[in-house]
Amino acid sequence: MGPTASGKTRLAFELCDRLNAEIISVDSALVYRGLDIGSAKPTAEELALYPHALVDIRDPAQPYTAAEFRRDALAAMQDISARGKLPLLVGGTMLYFKALIEGLVELPAIDPAIREDIERQASIRGWPALHAELAACDPITAASLHPNHSQRIGRALEVYRGTGRALSQWQSEQQEQVLAYRLFQVAVAPVDRALLHQRIEQRLNTMFASGFLAEVEKLYARGDLDRNLPAIRAVGYRQAWEYLSGEIDETTMRAKALAATRQLAKRQFTWLRKWPDLHWLLWKDAEDNLTPALFEKLRDVDFPVDGLY
RNA sequence: GGCGCGGUGGCAGAGUGGUUAUGCAGCGGACUGCAACUCCGUGUACGCCGGUUCGAUUCCGACCCGCGCCU
């Protein structure tokens, strides 16, 4: 795990070389085909060398969800284990990690038309009004949400309308799901924020220099994608989309993309800081070789590294 | 050198003789099926010096800096 631009990919490749491991991507943007440069997806050569599960598995027009991720990740873990290898989960989408480890409530799929209707309602009545509505059918969830929390209010409401029962009720009946794997959780990050900001800026510049805009233009030209899709809302893509539709100039787009990336990293840190059983690997410069330190940590917890490398 | 205009928190940008907008960024946080999402919280800043005043960011004067015009 680790914030964006913290060096996860590099470390993962090195681990693959030393452990008998295979990578499973835990990243909500890498799942989409055509989101390559801007998502910092490993190159085709790298992917050939280090196979990644859960990369390029979805068209940008079709949203991917945390529940699907859990299902797919578990399948990949099983497959990799069955081949005698170690599943190495790599990514920065913390909700996915959480869903995988703790499980989600098992809910039937909900008709997308319900969500559309809720969003239509919200655009005319405002989210606070829907929050009030939620308070009537699911007071527990409503109490935990700010009246402006659009997405979560929408979710709670669609569950109620779609299943006839409150989300909080479903959750209260949720049974603990135990993962059939022993986990060793590691977070990579620079020792201080300024360092990460530096890396983020550098990487973004490289992306632009490597044809990021052309990549988004291609998506834009398809005509069937829009800014409400998760793929197009991804950091960088959203700002490029605004630029291509003439809403902002290039300088603004770059500035906004940079800020959005930093904000993403900040949110990832918020998850990581309170994450249980996490081993931190902090680096201070590009020369830091983290793998030895990681192997030390693995030994500390009696992880069978010796047999693996 | 003269005249005019302007100097507000990191940036942008309102405003007022006392109650100290706002947006962006930054920072902190929340988040069980959109999560690279969505949402919440967080800053008395008014160029400098002196004066007027019970009280000046706001009024007056000098000075400094920027812009424009004139010589």
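If you're wondering where the values come from, they're calculated on a predicted model, not measured in any experiment. Order of the sequence lines sets the chain letters (A, B, ...), proteins ahead of strands, with each chain counted from 1.
Under the 4.0 Å criterion applied to side-chain N and carboxylate O atoms, A:Arg10 and A:Glu46 are not assigned as salt-bridge partners. At a threshold of 4.0 Å, the pair A:Arg83-A:Glu22 counts as salt-bridged, since one of the basic side-chain nitrogens sits closer than that to a carboxylate oxygen. With respect to the salt-bridge test (charged N to carboxylate O, under 4.0 angstrom), the residues A:Arg155 and A:Glu158 qualify. In summary, A:Arg58 and A:Asp72 do not engage in a salt bridge, as defined by a charged side-chain N under 4.0 Å from a carboxylate O. A salt bridge links A:Asp36 to A:Lys41: one of the charged nitrogens lies within less than 4.0 Å of a carboxylate oxygen. Taking 4.0 Å as the cut-off between side-chain N and carboxylate O, A:Asp138 and A:Arg165 do not count as a salt-bridged pair. The residues A:Glu201 and A:Arg262 are annotated as not salt-bridged, no charged nitrogen and carboxylate oxygen being separated by less than 4.0 angstrom.
Scanning both residues, A:Ala257 and A:Gly236, for their nearest heavy atoms gives CB-CA, 4.3 Å.
Listed in residue order, the members of residues 253-264 of chain A having a heavy atom less than 4.0 Å from RNA chain B are A:Ala259, A:Arg262, A:Gln263, A:Leu264. RNA chain B lies under 4.0 Å from at least one heavy atom of each of the following residues of residues 95-111 of chain A: A:Leu95, A:Tyr96, A:Lys98, A:Leu104, A:Val105, A:Glu106, A:Leu107.
Searching all strands for a Watson-Crick or G-U wobble partner of B:rG61 with both distances below 3.5 Å returns B:rC49. The nucleotide B:rC39 finds its pairing partner in B:rG29, both defining distances of the Watson-Crick or G-U wobble pair being shorter than 3.5 Å. With a cut-off of 3.5 Å on both pairing distances, B:rG17 has no Watson-Crick or G-U wobble partner at all. Base pairing of B:rC34: no nucleotide in any strand meets the Watson-Crick or G-U wobble criterion (both distances under 3.5 Å). Pairing partner, B:rC5: B:rG66, with both Watson-Crick or wobble hydrogen-bond distances short of 3.5 Å.
At a threshold of 4.0 angstrom between heavy atoms, the contacts of A:Arg273 are confined to the sugar-phosphate backbone, with no base atom among them. A:Arg267 comes within 4.0 angstrom of a base, heavy atoms only. As judged by a 4.0 angstrom heavy-atom cut-off over every strand, A:Arg115 is placed among the base-contacting residues. Note on A:Glu119: a base of the nucleic acid sits closer than 4.0 angstrom, heavy atoms only. A:Tyr237 comes within 4.0 angstrom of no nucleic acid atom, judged by non-hydrogen atoms across all strands. Within the 4.0 angstrom heavy-atom criterion, only backbone atoms of the sugar-phosphate kind lie near A:Gly92; the bases stay farther away. Residue A:Ser150 is classed as a sugar-phosphate contact, given heavy-atom separations below 4.0 Å to backbone atoms only.
In this model, the phosphate group of B:rU38 is approached by a side-chain N or O of A:Arg238 to a distance below 4.0 Å at OP1 or OP2. Taking 4.0 angstrom as the limit, A:Thr93 places none of its side-chain polar atoms (N or O) nearer than this to OP1 or OP2 of B:rA35. Taking 4.0 angstrom as the limit, A:His131 places none of its side-chain polar atoms (N or O) nearer than this to OP1 or OP2 of B:rC40. Between A:Asn148 and B:rC40 there is a side-chain polar atom (N or O) within less than 4.0 angstrom of OP1 or OP2. OP1 and OP2 of B:rC37 both lie 4.0 Å or more from every side-chain N or O belonging to A:Arg233. Proximity of A:Arg193 to the phosphate of B:rG28: a side-chain N or O atom is located under 4.0 Å from OP1 or OP2.
Annotation: B:rA62 and B:rG2 have their P atoms spaced 11 Å apart (nearest Å). Taking atom C1' in both B:rU53 and B:rC69, the straight-line distance is 37 Å, to the nearest Å. Between the P atoms of B:rU57 and B:rG17, the separation comes to 14 Å (whole Å). Nucleotides B:rC11 and B:rC46 place their P atoms 13 Å apart, quoted to the nearest Å. Using P as the reference atom, B:rU32 and B:rA36 are 14 Å apart when rounded to the nearest Å. Spacing of P atoms, B:rA12 relative to B:rA25, comes out at 15 Å, to the nearest Å. If you take atom P in B:rG50 and the same atom in B:rG26, they sit 39 Å apart, rounded to whole Å. A gap of 13 Å separates the P atoms of B:rG7 and B:rU16, to the nearest Å.
Taking the six-membered ring where the residue is Trp, A:Phe69 and A:Tyr96 present parallel rings, their angle staying beneath 30° rather than reaching 60°.
As a whole-Å value, the separation of A:His197 NE2 from B:rG26 P is 7 Å. Between A:Gln177 atom CD and B:rG33 atom P there is a gap of 13 Å when expressed in whole angstrom units. Atoms CD (A:Gln268) and P (B:rA30) sit 15 Å apart, rounded to a whole Å. Atoms CG (A:Asn228) and P (B:rU38) sit 10 Å apart, rounded to a whole Å. Note: CH2 (A:Trp271) to C1' (B:rC31) measures 5 Å, nearest angstrom. A straight line from CD of A:Gln151 to C1' of B:rC31 spans 10 Å, rounded to a whole angstrom. Following rounding to the nearest Å, A:Ile114 (CD1) and B:rG33 (P) show an atom-to-atom distance of 15 Å. In this structure, A:His149 atom NE2 and B:rG41 atom P are separated by 12 Å, rounded to whole Å.
Within 6.0 Å of CG on A:Asp277 lie no more than 12 heavy atoms contributed by other residues, nucleotides or ligands.
Taking the six-membered ring for Trp, A:Phe212 and A:Tyr237 have ring centres closer than 6.0 Å.
Side-chain N/O atoms of A:Gln171 and A:Ser168 include no donor and acceptor closer than 3.5 Å. When only modelled atom types and interatomic distance are considered, A:Arg199 and A:Ser6 share no side-chain donor-acceptor pair under 3.5 Å.
Under 3.5 Å, the side chain of A:Lys266 and the base of B:rG28 form at least one donor-acceptor pair of N or O atoms.
Each of B:rU32, B:rC34, B:rA36 was ranked by its minimum atom distance to the side chain of A:Thr65; first place goes to B:rC34. If you check B:rC39, B:rG33, B:rA36 against the side chain of A:Ala67, the one that comes closest is B:rG33.
In this structure, A:Gly236 and A:Leu167 both approach RNA chain B, and ranking their closest nucleotides by distance from the 5' end singles out A:Leu167.
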